Amino acid sequence: MSKVTIIGTGSVGASICYAMSLKGTASEIVLIDINEKKAEGEALDIRQGMPYSPQNKIYAGTYEDAVGSDVVVITSGIPRKAGMSRLDLAQVNVDIMKSIGPQIVKYAPDAVYIIVSNPVDVLTYVFRKITGLPEERVIGTGTLLDTARLRTSLAFNYNISMKNVHAYVFGEHGDSQFVPWSISNISSIPVKEYSKRIVGKTNVREENVDFDAMAEFVKKSGGWIIERKGATFYGIAACVTHIVGCIFSGVEIALTVSTLQHGEYKGVDDVCLSTLALIGRHGVCGKLAVPLTEEEEAKLRNSAEKLKEVINSVKY
């Protein structure tokens, strides 16, 4: 048996539930929302498709129904609106997190918590602080979606399976994120040398990729999607479903999720951001301090400082 509670049934929370139901990620999924009718509607809509997908128990509930949850996913919060500063958004969603934290931890004290709400790195840090939960059981989705966007772009450009692409986005899920190209590879070949190593293949879309432009596209593509359809939710739903699936598999896997840093990289301490973390049955099992260039380490420190500025500015 595996039980997941999802708090917040907006487009993101509902999409996560739907994605998990299609994959059979959990045997039981509880939906909780301040708008109880919305949660009930989403649960019924998804549940009625169960005859054609893996069988799950999906229902709307209250915090009390989270008892026995293995994983709790928190998506509650407001999106950034026109004229709203990053700090304004942070404080509003920090206040929401302060309201949710004590209530849910009371009923699911042993769960692994996955924070999805933005700014995700700040809220991951704050959630751990206000709940006192062990840091290994508080994970932010971090740059996992950005990493997926990067791998998608590289696979498209080189016309190769995404499974052969190993590249990551580190740092903040936001403006100060960066791609450590020094550890990026396609089929064990450094990304920036890949084109030179191709023999007898003619359907590569771009032999000379503008890597800076690609990193910028990855950073801005969320805004590009929002401008066109109003919100992003399918990509992050796939990411959260993947994290939960990895937790339930019991096999440790390295993911770019947001976790509390302790100086694994010089100057990066007491802040949550994304590097490679090992995720297993009980949450964060460890970190991979992969070697970065001096320039990349400087970018990671910059990202940490940007996040600390926000953390030090909000009241929690």
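Since we're looking at a predicted model, the values are computed, not measured.
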Report yes if the side chains of V116 and V73 come closer than 4.5 Å at any heavy-atom pair, otherwise no.
yes
Is there a side-chain contact between F170 and I183 in this structure, where contact means two heavy atoms from C-beta onward sitting under 4.5 Å apart?
yes
In the structure I gave you, are the side-chain heavy atoms of L278 and V284 within less than 4.5 Å of one another anywhere?
no
Answer with yes or no whether the side chains of E296 and S182 bring together a donor and an acceptor at under 3.5 Å.
yes
Check the orientation of Y113 and F127. Use parallel for under 30°, tilted for 30 to 60°, and perpendicular for over 60°.
tilted
A quick test of your reading: do over 12 heavy atoms of other residues, nucleotides or ligands sit less than 6.0 Å from CZ of R197?
no
Return the minimal non-hydrogen interatomic distance between R301 and V268, and the atom names on each side.
CG-CG2, 3.9 Å
For a side chain to side chain contact (heavy atoms under 4.5 Å, CB included) with Q261, tell me which candidate from L273, L307, D270, D269 qualifies.
L273
Does K57 reach the side chain of I29, with side-chain heavy atoms less than 4.5 Å apart?
no
Salt bridge (charged side-chain N to carboxylate O under 4.0 Å, His left out), that's the test. Do D95 and K315 meet it? Break it down for me.
CA-CA 8 Å; D95 291 340; K315 297 177 181 179; over 6 Å; no
Name of the residue among I253, T25, I279 meeting side chain to side chain contact (heavy atoms under 4.5 Å, CB included) with I247:
I279
Is a side-chain donor-acceptor pair under 3.5 Å present for E64 with T62?
yes
Side chains of T141 and L145: closer than 4.5 Å at any heavy-atom pair?
no
Does a side chain donor of either T256 or T147 reach within less than 3.5 Å of an acceptor in the other side chain?
yes
Any side-chain donor paired with an acceptor under 3.5 Å for H173 and D121?
no
Kindly say whether V120 contributes a backbone atom to a donor-acceptor pair with the side chain of N118 at under 3.5 angstrom?
yes
Any donor-acceptor pair under 3.5 Å from T143 side chain to S274 backbone:
no
Mark yes or no: K192 above the aromatic ring of F211, with NZ or CZ under 6.0 Å from the six-membered ring centre and no more than 45 degrees from the axis.
yes
Out of curiosity, M97 CE to I7 CD1, how far, rounded to the nearest 0.5 Å?
9.0 Å
For residues E28 and Y59, is any side-chain donor paired with an opposing acceptor at under 3.5 Å?
yes
Can you name the closest pair of heavy atoms from G222 and T232 and give their distance?
O-CG2, 3.7 Å
Would you mind reporting whether I311 and V271 have side-chain heavy atoms less than 4.5 Å apart?
yes
Is any side-chain heavy atom of I160 closer than 4.5 Å to a side-chain heavy atom of I186?
yes
Hey, could you give me each pair passing ring-ring contact (aromatic ring centres under 6.0 Å, His included) that has a residue in residues 231-263? Not counting sequence neighbours.
none
Salt bridge between K287 and E264, side-chain N to carboxylate O under 4.0 Å?
yes
Using side-chain heavy atoms (C-beta onward) and a distance below 4.5 Å, is Y107 in contact with D65?
no
If you compare all heavy atoms of D33 against all heavy atoms of G10, which two are closest, and at what distance to 0.1 Å?
OD2-N, 4.3 Å
